[in-house]
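The basis for the numbers below is simple: all heavy atoms, side chains too, and nothing from hydrogens, waters or symmetry mates. Fair warning: this is a prediction, and the values are worked out from it, not measured in the lab. Here is how names work: the chains are called A, B, and so on, in the same order as the sequence lines, proteins then strands, and each is numbered from 1.
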Number of protein chains: 2
Amino acid sequence: MNLRQQELKNRIDAFGHIEIADEAQFFAVSEMTIRRDIVLLEKNGLAVQVKGGAIPKAKICESMSSSPAKNAIAAAMLQLFEQMPEVKTLMLSAGGTTLAFARLLAQRSLPLTVLTNSIPIASALFQTRCKVILTGGELRANSMDLVGPAAEKYLADYHVDLLFTGCDGADSQEGFYTSDLNLASYEKLSVKISDRVFILTESAKFRSKSMVRFAELDEIDTLVTDSGLKAIDREMLSRQNIRIITAKSQ
Amino acid sequence: MNLRQQELKNRIDAFGHIEIADEAQFFAVSEMTIRRDIVLLEKNGLAVQVKGGAIPKAKICESMSSSPAKNAIAAAMLQLFEQMPEVKTLMLSAGGTTLAFARLLAQRSLPLTVLTNSIPIASALFQTRCKVILTGGELRANSMDLVGPAAEKYLADYHVDLLFTGCDGADSQEGFYTSDLNLASYEKLSVKISDRVFILTESAKFRSKSMVRFAELDEIDTLVTDSGLKAIDREMLSRQNIRIITAKSQ
DNA sequence: CCTCGCTATGTTAAAAAATAACATATTTTA
DNA sequence: TAAAATATGTTATTTTTTAACATAGCGAGG
């Protein structure tokens, strides 16, 4: 990336948005050149091209995209949740499905207290009636979550009515897994401080145990998943008194 | 906002972006109608119009805009900072100028440990070589900062080489002020756990004390400001052994 | 029950912006 | 230094956006 492009990015960040015509004049080059610069910045994920110019690229924060499957699960969870008006405090662990749920929650703007270790979730609930408490901790390298001993120390002082969490792998006899060691330790503690635990996960996560188990079956209250869950898994989980909610695909 | 517009917003959030042609077909209305819906969403700050469609609006997170004055101060600070290679840990308090500094720091991507209570700052330093530690705490209503007893408890365990902070008001005899009571309490503690304190602030903040003092003059090491600082203030501060760095306006 | 005024939507023409293709200049590299 | 690669400018074409006007639906008041 050349100097002009570097500086253009700075200007986009500084001003919040730039216009192609202005920048062409500022740098004394043709509009086409600025256009090409913007396309390059967009390729590198440093800016977003809008009508007459460009704006800064939002990092994962708000822009983490969800899938129809995740939305369906989140919607089913919300429906269930609305039948629990007594719940006042909940905890949302970092994850795509829990983020989808947080976005739905933001639309309702209920007066809840939400504890989370996910910046995207905190961001989604920003400026709603929810009181948002973010655990402290170290920012993970690839997702905007907070983990580490500090986050856990923080958690130890809390108690919540409900925990909503996803998983990276699941097994109908063994329990629920995550692929990150730090995260697993954090999740284990989350389960401990919560009265009831809801797992929100796509059925595809079943039959693939990943690295570390963070919850055994008897710690789980409800599983919310899509219609792809195999009958045998359904049977096994029910036998362990786990309630299964199946989201109807959209 | 009607049902279609509400649902359109959901779809924008869910998919990360939508195309006008697709949505016109999906809702069985003309493209013009979708266009009008998008400009309405944009007016309400719920989405951003891009070339062939729309994307979700990033909340304050990344998009907090900076001014040339703030950038100039941040640039001066960076220059100073680069002459201190021995510094390994620093703390950045929430604020516009400190955010501008964090953005410059992100470009250098130095192997530092940064402690902050600001989500925008954490976000700016995400995926750089900086190790970012976010204090826990309650999300403030109007800016993406973390404050409250939890944040302070968190802070109490730390020690850093340098603190960078802004202020809402300053006085060359009395010290530095902020307008928020919770924030002041947090800032006081920040000053305590830092070896050296740098104040980054526009000269316009002088001669207007705001509500609560968080630092007295003898606690401050260096003031970085623009060329608008009055000679009398400059004199006063120097007499208290405060080093003054003047950013050249851009 | 009608008509006025309001709003939402659709249609079309004009304007603006983005793209693609090619020409020219500039830098790299062998 | 010449050839190749890269960067920039110019123009024509296509796409997207805007603006202006037409139409349809709907409720309030007569």
With 3.5 Å as the limit, what N/O pairs link the protein to nucleotides 6-10 of chain D?
| unit_1 | atom_1 | unit_2 | atom_2 | d |
| --- | --- | --- | --- | --- |
| D:dT8 | OP1 | A:R4 | NH1 | 2.8 |
| D:dT8 | OP1 | A:R4 | NH2 | 3.3 |
| D:dT8 | OP2 | A:R4 | NH2 | 2.9 |
| D:dG9 | OP2 | A:S30 | N | 2.8 |
| D:dG9 | OP2 | A:S30 | OG | 2.9 |
| D:dG9 | OP2 | A:T33 | OG1 | 2.5 |
| D:dG9 | N7 | A:R36 | NH2 | 2.5 |
| D:dG9 | O6 | A:R36 | NH1 | 3.4 |
| D:dG9 | O6 | A:R36 | NH2 | 3.4 |

Rounded to the nearest Å, what distance is computed from the [atom1] atom of residue [X] to the [atom2] atom of nucleotide [N]?
X     : N      : atom1 : atom2 : result
B:L3  : C:dT9  : CG    : P     : 12 Å
B:I34 : C:dT9  : CD1   : P     : 9 Å
A:D22 : C:dA16 : CG    : C1'   : 15 Å
B:I38 : C:dT9  : CD1   : P     : 14 Å
B:R35 : D:dA20 : CZ    : P     : 16 Å
B:Q49 : D:dT18 : CD    : C1'   : 10 Å

Touch class at under 4.0 angstrom, heavy-atom based, for A:V50 against every strand present: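 Counting heavy atoms under 4.0 Å across all strands, the contact made by A:V50 is with sugar-phosphate only.
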
In a table with atom names and distances, give each donor-acceptor pair under 3.5 Å that connects a side chain of residues 20-29 of chain A to protein atoms at least two apart or in another chain.
| unit_1 | atom_1 | unit_2 | atom_2 | d |
| --- | --- | --- | --- | --- |
| A:E23 | OE1 | A:R11 | NE | 2.7 |
| A:E23 | OE1 | A:R11 | NH2 | 3.4 |
| A:E23 | OE2 | A:R11 | NH2 | 3.3 |

Backbone of B:S203 reached by a side-chain donor or acceptor of B:T225 within 3.5 Å: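 Such a contact is found between B:T225 side chain and B:S203 backbone.
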
Salt bridge (Lys or Arg N to Asp or Glu O under 4.0 Å) partners for B:E187, two or more places apart: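 Testing B:E187 for salt bridge (Lys or Arg N to Asp or Glu O under 4.0 Å), a comparison that skips the adjacent residues, returns none.
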
Partner residues of B:R36 under the salt bridge (Lys or Arg N to Asp or Glu O under 4.0 Å) criterion, sequence neighbours left out: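 So B:R36 forms no salt bridge (Lys or Arg N to Asp or Glu O under 4.0 Å) with any residue.
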
Residues which pass side-chain hydrogen bond (donor to acceptor under 3.5 Å, both in side chains) with B:Q79, listed by chain and number, not counting sequence neighbours: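 With neighbours one apart ignored, the set is empty.
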
Pairs meeting criterion salt bridge (Lys or Arg N to Asp or Glu O under 4.0 Å) with involvement of residues 115-144 of chain B, two or more places apart: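 Checked against salt bridge (Lys or Arg N to Asp or Glu O under 4.0 Å) - neighbours excluded - the pairs reaching residues 115-144 of chain B are A:K131-B:E138, A:E138-B:K131, B:R140-B:D145, B:R140-B:D180.
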
